[in-house]
Amino acid sequence: MELVTIADGLRFPEGPIAMPDGSVILVEIARQTLSRVTPDGGIQPIAALGGGPNGAAMGPDGALYVCNNGGFQFLKSENGDIRPVRQAHDYTGGRIERVDPITGEARVLYTSCDGRPLCGPNDIVFDKQGGMWFTDLGKTRDRDWDRSGLYYA
């Protein structure tokens with residue numbers, strides 16, 4: 001099978017969602033956006049979310065749900081690639097957001113669970129009952145890091 005590049009210039013993409021029109025919706029962690037990649041390779045921002053949008057899923061209500069890790073500090077390699085290395089200096093806190101796919105309006109649904117703050121939500125899926133499962137991998141800082149967890153809402 002031959003690999004084909006569809007789009008260039010994405011800033012640390014993750015959480016792809018294949019759409020019926022042939023486009024793909026994904027997060028760009030380093031750009032801090034939820035974006036749509038069209039079949040011709042165009043990149044269209046849907047919402048500027050800030051922090052670090054990290055995983056995305058289509059909910060049963062047709063809205064997009066995003067795990068936002070609050071932001072990463074990125075390291076750029078000699079060849080121009082970037083990778084996350086630790087919590088951003090302007091870290092905004094972890095959260096789960098709901099985004100209207102047409103208007104791009106975003107609202108925060110969760111910032112904590114049972115009194116414990118979300119630190120670095122990462123990936124998200126929905127089950128047959130419409131509930132969401134998501135991971136929180138926490139954050140790495142210079143001298144410590146968080147423990148991770150699995151959550152259901």
Side-chain angles (χ1 to χ4, degrees), residues 1-111 118-127 130 132-142 145-146 148-151 153:
M1 177 175 15
E2 180 183 347
L3 293 177
V4 177
T5 300
I6 296 172
D8 284 320
L10 295 168
R11 303 274 297 147
F12 214 89
E14 286 205 11
I17 304 167
M19 300 301 289
D21 65 359
S23 67
V24 175
I25 293 176
L26 48 77
V27 296
E28 292 185 77
I29 302 173
R31 188 170 280 140
Q32 302 178 329
T33 61
L34 180 67
S35 303
R36 179 186 304 271
V37 177
T38 59
D40 65 359
I43 303 168
Q44 303 167 344
I46 295 172
L49 299 173
N54 204 142
M58 180 69 70
D61 60 352
L64 300 163
Y65 290 78
V66 177
C67 286
N68 193 315
N69 67 40
F72 281 129
Q73 181 180 351
F74 285 88
L75 179 67
K76 193 172 192 175
S77 70
E78 291 178 9
N79 67 0
D81 291 338
I82 58 172
R83 67 181 176 92
V85 291
R86 66 182 59 88
Q87 179 176 298
H89 297 296
D90 60 351
Y91 174 68
T92 59
R95 57 196 178 268
I96 303 298
E97 296 169 299
R98 180 187 184 276
V99 179
D100 182 304
I102 297 170
T103 67
E105 179 185 349
R107 68 181 167 102
V108 174
L109 296 179
Y110 302 108
T111 58
L118 299 176
C119 297
N122 185 38
D123 287 316
I124 185 170
V125 296
F126 282 86
D127 61 22
M132 74 172 82
W133 292 89
F134 65 93
T135 56
D136 183 349
L137 300 183
K139 291 305 235 183
T140 301
R141 292 167 291 279
D142 287 337
W145 64 87
D146 302 313
S148 60
L150 175 65
Y151 297 86

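- Judged purely by atom type and a 3.5 angstrom limit, E97 has no side-chain atom pairing as donor or acceptor with the backbone of V108.
- A donor-acceptor contact shorter than 3.5 Å is absent between the side chain of D123 and the backbone of G55.
- Surrounding CZ of R83 are at most 12 heavy atoms belonging to other residues, nucleotides or ligands under 6.0 Å away.
- The two residues L137 and S148 make their nearest non-hydrogen contact at CA-CB, 3.7 Å.
- Note: F134 and Y151 have parallel aromatic rings, judged against thresholds of 30 and 60 degrees for the angle between ring planes.
- The nearest pair of heavy atoms linking A47 to G104 is CB-O, 3.4 Å.
- Within the 4.5 Å cutoff, the side chain of Q87 has no heavy atoms near those of the Q73 side chain.
- We find that K76 and D81 are not joined by a salt bridge, their nearest charged nitrogen and carboxylate oxygen being 4.0 Å or further apart.
- Summarising the geometry of I43 relative to D8, their closest heavy-atom pair is CD1-O, 3.4 Å, with the distance given to 0.1 Å.
- Looking at D100 and R107, no side-chain N of the basic residue comes within less than 4.0 Å of a carboxylate O on the acidic one, giving no salt bridge.
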Next item on the list: Give the C-alpha distance, both sets of side-chain angles, the deciding distance and a yes or no for side-chain contact (heavy atoms from CB on, under 4.5 Å) between V99 and L49.
Entry: CA-CA 9 Å; V99 179; L49 299 173; 4.0 Å; yes

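- Within 6.0 Å of atom CD in E105, 12 or fewer heavy atoms from other residues, nucleotides or ligands are found, so the atom counts as exposed in its surroundings.
- L10 contributes atom CG, which lies 10.0 Å from atom CD1 of I6 (distance to the nearest 0.5 angstrom).
- No side-chain heavy atom of L26 sits less than 4.5 Å from a side-chain heavy atom of I17.
- Across V66 and N54, no two heavy atoms sit closer than the pair CG1-N, 4.4 Å.
- Between F126 and Y65, a ring centre-to-centre spacing shorter than 6.0 Å is recorded.
- The stretch residues 65-75 participates, sequence neighbours left out, in no salt bridge (Lys or Arg N to Asp or Glu O under 4.0 Å) pair at all.
- Put simply, the side chain of D136 gets close to the backbone of C119: a donor and an acceptor are under 3.5 Å apart.
- Within the 3.5 Å criterion, the main-chain N or O of S35 finds no donor-acceptor partner in the side chain of T33.
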Next item on the list: In sequence, state the C-alpha distance, the side-chain angles, and the governing distance for R141 and D146, and then conclude on side-chain contact (heavy atoms from CB on, under 4.5 Å).
Entry: CA-CA 9 Å; R141 292 167 291 279; D146 302 313; 2.8 Å; yes

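- Inter-residue side-chain proximity for V85 and F72 is flagged as unmet; no heavy-atom pair is nearer than 4.5 Å.
- Nearest heavy atoms, C67 versus I96: SG-CD1, 3.8 Å.
- Residue pairs satisfying the salt bridge (Lys or Arg N to Asp or Glu O under 4.0 Å) criterion with at least one member in residues 46-60, sequence neighbours excluded, are absent.
- Note on residues 60-75: pairs passing salt bridge (Lys or Arg N to Asp or Glu O under 4.0 Å), not counting sequence neighbours, are D61-R98.
- The side-chain heavy atoms of I29 and F74, taken from C-beta on, include a pair separated by under 4.5 Å.
- You'll find the side chain of M19 stays beyond 4.5 Å of the side chain of V24, heavy atoms only.
- The local environment of CG in L75 is crowded, with over 12 non-hydrogen atoms from other residues, nucleotides or ligands closer than 6.0 Å.
- Pairs of residues two or more places apart, or lying in two chains, that qualify as salt bridge (Lys or Arg N to Asp or Glu O under 4.0 Å) and include a residue from residues 13-41 are D21-R36, E28-R31.
- Across all their heavy atoms, N68 and G50 have their closest contact at ND2-O, 3.0 Å.
- When side chains are defined from C-beta on, T38 counts as touching Q44, because their heavy atoms get closer than 4.5 Å.
- Partners of D90 by side chain to side chain donor-acceptor pair (under 3.5 Å), not counting sequence neighbours: none found.
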Note to self: One pair to check against side-chain contact (heavy atoms from CB on, under 4.5 Å): L34 and I46. What are the steps and the verdict?
What the structure shows: CA-CA 5 Å; L34 180 67; I46 295 172; 4.3 Å; yes

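- Checked against side chain to side chain contact (heavy atoms under 4.5 Å, CB included), A153 has the following partners two or more places apart in sequence or in another chain: Y110, M132.
- K139 places no side-chain N or O within 3.5 Å of a backbone atom of A88 that could act as its donor or acceptor partner.
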